[in-house]
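Computed from a prediction, not measured in an experiment: that's the story for all the values here. We name chains A, B, ... by the order of the sequence lines, and we start the count at 1 in each one.
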2 protein chains.
Amino acid sequence: MSRTEVPPKPKPMTESGPEGSYCPPLGERPLTAGEAERTARMFKALGDPVRLRLFSAIASHEDGEACVCDISDVGVSQPTVSHHLKKLKDAGLLTSQRRGTWVYYRVEPSVLAAMGRLLAPAG
Amino acid sequence: MSRTEVPPKPKPMTESGPEGSYCPPLGERPLTAGEAERTARMFKALGDPVRLRLFSAIASHEDGEACVCDISDVGVSQPTVSHHLKKLKDAGLLTSQRRGTWVYYRVEPSVLAAMGRLLAPAG
DNA sequence: CCTTTATGTTGACATGTGTCGAACCAGTGA
DNA sequence: TCACTGGTTCGACACATGTCAACATAAAGG
């Protein structure tokens, strides 16, 4: 399958905020147990080389989204790719959408921004 | 032991760069296997709630450093704390130094900055 | 319907990880 | 030298995780 012509192509991606759980920069004050629990989930999701490559591939792909078939060459089997994508999705880092035959993944920008703030120079 | 008076108190922490392994923002281009491997180690180190709390406690502590006894109340045994501190150290996120009876940990600023760049708004 | 292609899910397995208690090492101070 | 305290290392264990092959599901096209 060549996958050159995209089907309907909808979804301009406007609203997106299932977040809500704020955490201060890591250097601002000691995190509470609850904050650490939530935050660790995100870091953990990116703590695997395969997931990091998948995430990076999607984030750097055209239009900020990518079909699974576009990013499946990371050295592991297809079920494993699917498994990792699910984990990234469960961590709130990705969203998925089926369009015709293919499934497209895109990064959740708000979460990425939140993680960036965590690592800010923290004065 | 009260630990109110600090012993000699040396080390102004000037040079610090055992880094050297650069990685582009996650959204700039797909990471290579090697880049992902190195980068994932750092995220993985912060992917545990206990380690995240320890790291945050040190980063937000006075002078950017903390004695183990200052941060040991995170709900796990003291050997476990030591174990996690070692992991953070192995990941390059912390450095340790013994001063008299106590061991002090401090965050490696260059690594924190590198992780921040990874999550930057990315193209 | 039946095939084919694209993804996701399940089951099984090896390996990794977090945790603790016990033993051990490093300074301090009598 | 000996005891005491802060911290690390060791050994063991339960549990989580990454991986794959096999199976299941979804859409498209005969």
Fill in: Sequence-distant partners of B:Ser77, side-chain hydrogen bond (donor to acceptor under 3.5 Å, both in side chains), two or more places apart
B:Thr80

Worksheet item: Who passes side-chain hydrogen bond (donor to acceptor under 3.5 Å, both in side chains) against B:Arg29, sequence neighbours left out?
Response: B:Glu35

Fill in: Residues in side chain to side chain contact (heavy atoms under 4.5 Å, CB included) contact with B:Lys89, at least two apart in sequence or another chain
B:Ser96, B:Tyr105

Worksheet entry | With sequence neighbours excluded, residues passing side chain to side chain contact (heavy atoms under 4.5 Å, CB included) with A:Ser72 |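 In terms of side chain to side chain contact (heavy atoms under 4.5 Å, CB included), with neighbours along the sequence ignored, A:Ser72 is linked to A:Val68, A:Val81.
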
Discussion item. Considering every strand and a 4.0 Å limit on heavy-atom distances, what is the contact class for A:His84: base, sugar-phosphate, or nothing?
Written reply: sugar-phosphate

Practice prompt. Mind calculating the distance between CG (A:Leu85) and P (C:dA6) to the nearest angstrom?
Written response: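 Going from CG in A:Leu85 over to P in C:dA6 covers 16 Å.
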
Discussion item. Whole angstroms only, please: what is the NZ-C1' distance between A:Lys86 and D:dG18?
Written reply: 16 Å

Worksheet, complete the sentence: Here the side chain to side chain donor-acceptor pair (under 3.5 Å) pairs for residues 40-58 of chain A, sequence neighbours left out, are A:Arg51-A:His84

Fill in: Any residue meeting salt bridge (charged side-chain N to carboxylate O under 4.0 Å, His left out) with B:Asp73, in chain and number order, not counting sequence neighbours
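B:Asp73 satisfies salt bridge (charged side-chain N to carboxylate O under 4.0 Å, His left out) with no other residue.
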
Worksheet item: Among all residues two or more places apart in sequence or in another chain, which pass the salt bridge (charged side-chain N to carboxylate O under 4.0 Å, His left out) test with A:Arg98?
Response: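 Partners of A:Arg98 by the salt bridge (charged side-chain N to carboxylate O under 4.0 Å, His left out) criterion come out as none, since no residue qualifies.
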
Check: protein-nucleotides 13-16 of chain D nitrogen or oxygen pairs below 3.5 Å:
none

Practice prompt. Identify, residue by residue, the members of residues 71-80 of chain A with a heavy atom below 4.0 Å from DNA chain D, and return them in order of residue number, or none.
Written response: A:Val76, A:Ser77, A:Pro79, A:Thr80

Worksheet item: Looking at residues 46-56 of chain A, who's got a heavy atom less than 4.0 Å off DNA chain C?
Response: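 Correct list: empty, so none.
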
